[in-house]
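Inspection log for the structure reproduced underneath, given as structure tokens.
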Amino acid sequence: MSEEKSLNFLEEIVEDNLAKGTVTEIHTRFPPEPNGYLHIGHAKSICLNFGLADKYGGKTNLRFDDTNPVTEDTEYVDSIKEDVKWLGFNWEEEHYASDYFVQLYEFALAMIGKGLAYVDDLSAEEIAAIKGTPTEPGKASPFRNRSIDENLSLFSEMKAGKYNDGEKVLRAKIDLASPNMHMRDPIMYRIKKVSHHRTGDAWCIYPMYDFAHGQSDSIEQISHSICTLEFEVHKPLYNWYIEQLGTFPSKQFEFARLNLTYTVMSKRKLLQLVQEKLVDGWDDPRMPTISGLRRRGYTPESIRNFCDKIGVQRRENIIDMGLLEFCIREDLNATAQRRMVVLDPIKLIITNYPQGKTEVLKGENNPEEENHGGYRDLPFSNELWIEADDFLEEAPKKWFRLAPGMKVRLKSAYIVQCTGYTKNEAGKVTEVHCEYIPESKSGEDSSGVSVKGTIHWISTDKSESAEVRLYDRLFKVENPSSEDEDFKTFINPNSLEIITSAKVEPALKDAKPGDRFQFIRKGYFTLDSMLSKEGKLVFNRTVGLKDAWAKEQKG
RNA sequence: UGCCCGAUAGUAUAAUGGUAGUACGUCAGAUUUUGGUUCUGAUUGUCUUGGUUCGAAUCCAGGUCGGGCAACCA
């Protein structure tokens with residue numbers, strides 16, 4: 001307990017900065033572009049940014065880097081805010097890069113004034129053609145040496161809408177021979193005659209991310225700009241802007257993005273899945289999005305705990321999906337109430353239990369909780385639903401469930417012994433017959449009989465019907481993105497199995513969207529918030545229980 | 001073949017010149033009215049070659065392998 005948890009490399013940097021006094025206040029930010037939904041990889045970034053500020057008494061802003069009106073939308077802004085809040089974080093200030101458009105425009109004018117930026121008439125293709133390659137230097141545009149005055153008036157004409165998309169851009173004048181491609185006169189502003197989700201038609205020129213992002217950090221006085229590895233090569237450019245403009249010297253630190261097995265983690269790919277209707281939307285429970293995981297039944301605690309467990313480093317990584325599943329099981333095992341649900345029902349007839357007799361037994365809500373989490377009523381009768389695969393005509397080795405002659409405990413009820421069964425013409429077992437031991441009633445068992453197996457059940461006359469959705473991994477291979485083929489060819493065709501007529505116990509009738517349960521011996525489930533209606537229960541399986549028997553059979 | 005970054009069990013992550021540890025996974029056992037949970041034990045690792053040092057996962061040099069960089073995307 002007293003064991004000190006070692007610092008991650010970002011915490012070490014922060015502590016070092018604080019100790020040396022190079023930074024006195026920790027100020028971070030989470031800077032999503034509102035062009036898609038947040039996924040579990042963003043959760044890592046969110047936990048890092050908010051966690052760092054929180055740990056060292058600083059603050060964290062939420063800032064939308066909305067510099068490309070073509071792809072951005074308020075729908076995404078709303079979902080991002082909802083997801084960050086749901087994860088349990090509160091931002092200090094809410095900002096938008098678009099709030100800084102005037103300021104950024106003035107920065108651009110200042111750069112032109114210092115002879116450090118110029119208007120280029122070349123097309124995108126022409127610029128690319130003379131940009132060189134990583135091994136060859138680029139060539140100067142014929143417009144590179146325009147006078148400051150000409151640049152100033154051209155840039156203001158760009159702003160005024162005199163030119164069409166692509167006709168002109170504003171470029172920083174840096175070094176066309178730089179081995180870093182981002183320093184070869186990067187574009188600062190481009191013309192896009194497109195309405196912006198916040199500024200509407202006020203602007204027709206928009207700053208590029210590289211110009212806007214770093215300067216937005218400076219404006220907000222972000223001390224530590226945490227981002228993913230691919231932006232490392234952009235850092236010299238950000239630092240160059242800061243130096244030339246004399247703005248607040250935010251320092252950037254990069255970490256390796258999260259990858260998870262059996263899924264994809266790029267907004268582009270996730271968007272593709274949504275647009276091509278390979279899933280039912282951003283919040284499809286199979287998606288690694290925050291909204292998908294939420295609908296699937298994941299808790300914010302489990303996701304935060306996961307982010308803590310995976311740590312943070314600069315090396316490429318791919319985390320086992322099993323760890324995420326471990327985190328939600330760990331949480332739900334302690335907190336979810338137990339219920340009995342039969343997914344594939346067959347009848348169990350107790351031949352020595354009086355027909356028409358009923359009694360109400362007690363089922364513990366959660367054995368992990370104090371006083372078992374209280375109890376719920378379980379109606380019992382001579383005719384029950386049990387799981388079809390809990391009965392076998394011939395018992396294999398190590399079979400602890402029902403088979404002719406075998407005894408099992410009915411969870412929270414009696415021990416029964418199988419006396420026979422009936423089959424239909426197709427050879428399918430339709431009814432299992434048994435006799436119960438009256439002295440073996442749960443909690444007051446004086447029978448002296450011990451059994452290896454316990455199965456779940458529901459009294460047929462008191463059962464409700466429900467739809468249950470069983471989800472499996474979205475992809476068949478561990479890393480769909482690393483293969484040569486299109487990632488979509490690896491989609492798991494069996495990632496969703498819909499069971500339309502599961503039998504559920506009466507206590508589940510009043511389940512509310514977002515309620516989470518453990519269906520005994522089956523897994524953790526939550527009531528679906530979108531598909532459930534008055535009189536129709538739809539449950540999503542969050543994750544199955546560990547299944548030692550399934551493993552035994554496979555091995 | 002330019003520049004930048006990285007390399008510790010299967011997967012992650014510690015050890016900050018001094019006994020390579022932890023988690024998940026896997027395997028075995030105990031407990032169990034969930035083949036769940038819990039508990040116990042086992043398993044497996046410093047990319048490579050040199051160098052510095054009493055001592056190297058750690059510092060230095062060469063190599064190998066992996067990732068990133070040439071959008072008017074972010």
Measuring only the C1' atom in each nucleotide, how far is B/A15 from B/G55? A whole number of Å is fine. 16 Å

Say you pick atom P in B/A30 and the same atom in B/U13; how far apart are they, in whole Å? 36 Å

Within 45° of the six-membered ring axis of A/W457 and under 6.0 Å from that ring's centre, is NZ or CZ of A/K411 located there? no

By nearest heavy atom, map A/F400 and A/P134 onto RNA chain B; which one lands nearer the 5' end? A/P134

With A/K131, which residues qualify under side chain to side chain contact (heavy atoms under 4.5 Å, CB included), at least two apart? A/M181, A/R184

A/H456 and A/F519 aromatic centres sub-6.0 Å: no

Assign the ring pair A/Y238 / A/H234 to parallel, tilted or perpendicular, where the plane angle (0 to 90°) is split at 30° and 60°. tilted

Exercise: do A/Y100 and A/Q215 side chains pair donor with acceptor under 3.5 Å: no

Tell me what A/S412 touches on the nucleic acid: a base, only sugar-phosphate, or nothing, going by heavy atoms under 4.0 Å. base

Would you kindly give the CD-to-P distance between A/E136 and B/G2, to the nearest whole Å? 13 Å

Verify whether the ring centers belonging to A/Y414 and A/Y436 lie closer than 6.0 Å. yes

Tell me, which stems hold RNA chain B, with a stem being 3 or more Watson-Crick or G-U pairs in a row and both distances under 3.5 Å? B:2-7 with B:64-69, B:10-13 with B:21-24, B:26-30 with B:38-42, B:47-51 with B:59-63

For B/C27, does either OP1 or OP2 sit under 4.0 Å from a side-chain N or O belonging to A/K551? yes

Around atom NZ of A/K452, are there more than 12 heavy atoms from other residues, nucleotides or ligands closer than 6.0 Å? no

With rounding to the closest Å, how many angstrom separate the C1' atoms on B/U46 and B/G6? 15 Å

Determine the interplanar angle of the A/F487 and A/F475 rings, folded into 0 to 90°, and report it as parallel if under 30°, tilted if 30 to 60°, perpendicular if over 60°. tilted

Could you check whether A/E325 and A/Y298, counting side-chain N and O atoms only, form a donor-acceptor pair closer than 3.5 Å? no

Starting at atom NE2 of A/H234, determine the distance to atom C1' of B/C3, rounded to an integer number of angstrom. 14 Å

Mind checking A/T454 for me? I need base, sugar-phosphate or nothing, with any heavy atom below 4.0 Å counting as a touch. sugar-phosphate

Considering every strand and a 4.0 Å limit on heavy-atom distances, what is the contact class for A/N180: base, sugar-phosphate, or nothing? nothing

Rounded distance in Å between the C1' positions of B/G25 and B/A9: 11 Å

Which is true for A/K192 with a 4.0 Å heavy-atom rule: it touches a base, it touches only sugar-phosphate, or it touches nothing? sugar-phosphate

Length of the CD-P vector between A/E125 and B/A70, whole Å: 16 Å

B/G18 and B/C59, which share atom name P, separated by this distance in whole Å: 12 Å

Hey, does A/P367 reach any base, or is it just sugar-phosphate, or nothing, if we go heavy atoms under 4.0 Å? base

How far does the P atom of B/U48 sit from the matching atom of B/U31, given to the nearest Å? 44 Å

Spacing of the P atoms in B/C47 and B/A56 (rounded, Å): 15 Å

Nucleotides 37-42 of chain B: which of its N/O atoms have a protein N/O under 3.5 Å away?
| from | atom 1 | to | atom 2 | distance (Å) |
| --- | --- | --- | --- | --- |
| B/U37 | O2' | A/N333 | ND2 | 3.1 |
| B/U37 | O2' | A/E368 | OE1 | 3.2 |
| B/U37 | O2' | A/E368 | OE2 | 3.3 |

Side chain to side chain, A/E11 and A/K55, heavy atoms closer than 4.5 Å: yes

Presence of donor-acceptor pair under 3.5 Å, side chain of A/T135 and base of B/U1: no

Look at all strands and tell whether A/R338 reaches a base, only sugar-phosphate, or nothing, counting heavy atoms closer than 4.0 Å. base

Distance-only check: which donor-acceptor pairs under 3.5 Å involve side-chain atoms of residues 332-342 of chain A, not counting sequence neighbours?
| from | atom 1 | to | atom 2 | distance (Å) |
| --- | --- | --- | --- | --- |
| A/T335 | OG1 | A/D331 | O | 3.0 |
| A/Q337 | OE1 | A/R339 | NH1 | 3.4 |
| A/Q337 | OE1 | A/R339 | NH2 | 2.7 |
| A/R338 | NE | A/A336 | O | 3.2 |
| A/R338 | NH2 | A/N333 | O | 2.4 |
| A/R338 | NH2 | A/A336 | O | 3.2 |
| A/R338 | NH2 | A/N366 | OD1 | 3.2 |
| A/R339 | NH1 | A/N365 | OD1 | 3.1 |

By ring-ring contact (aromatic ring centres under 6.0 Å, His included) - contacts of A/F107 (at least two apart): none

Using ring-ring contact (aromatic ring centres under 6.0 Å, His included) as the criterion, list what pairs up with A/F155, not counting sequence neighbours. A/Y105, A/Y189

With heavy atoms under 4.0 Å as the rule, sort A/L332 into base, sugar-phosphate or nothing. nothing

Taking CD1 from A/I328 and P from B/G36, how many angstroms apart are they, rounded to a whole number? 19 Å

Side chain to side chain donor-acceptor pair (under 3.5 Å) contacts in which one or both residues fall within residues 250-262 of chain A, not counting sequence neighbours: A/E230-A/R257, A/K235-A/E254, A/Q252-A/E254, A/E254-A/R314

Using a 4.0 Å cut-off on protein heavy atoms (strictly under), produce a 5'-to-3' string for nucleotides 5-14 of chain B with B for base contact, S for backbone-only sugar-phosphate contact, and - for none. SSSB--SSSS

May I have the distance from A/I127 (atom CD1) to B/A70 (atom C1'), rounded to whole angstrom? 13 Å

For A/W240, check ring-ring contact (aromatic ring centres under 6.0 Å, His included) against everything at least two apart and list the hits. none

Mind checking what makes side-chain hydrogen bond (donor to acceptor under 3.5 Å, both in side chains) contact with A/W385, not counting sequence neighbours? A/S463

Could you check how far CZ of A/F253 sits from P of B/C4, rounded to whole Å? 19 Å

Is any N or O donor-acceptor pair between the side chain of A/R521 and the base of B/U34 shorter than 3.5 Å? no

Could you list, one pair per line, each protein nitrogen or oxygen that sits under 3.5 Å from a nitrogen or oxygen of nucleotides 56-60 of chain B, together with the distance?
none

Rounded to whole Å, the CG-P distance (A/D175 to B/G2) equals 18 Å

Any base atoms under 4.0 Å from A/Y206, or only sugar-phosphate, or nothing? Heavy atoms, all strands. nothing

Give A/G443 one of three labels, base, sugar-phosphate or nothing, depending on what nucleic acid heavy atoms sit under 4.0 Å from its own. base

Between atom CD in A/E230 and atom P in B/A74, what is the gap in whole Å? 13 Å

In whole Å, measure the gap between the P atoms of B/C39 and B/U32 for me. 16 Å

State whether A/T67 places a side-chain N or O below 4.0 Å from either non-bridging phosphate oxygen (OP1 or OP2) of B/A74. yes

Set of side chain to side chain contact (heavy atoms under 4.5 Å, CB included) partners for A/V408, sequence neighbours left out: A/L402, A/V416, A/I455

Using a cut-off of 4.0 Å on non-hydrogen atoms, how would the nucleic acid contact of A/H213 be classed: base, sugar-phosphate, or nothing? nothing

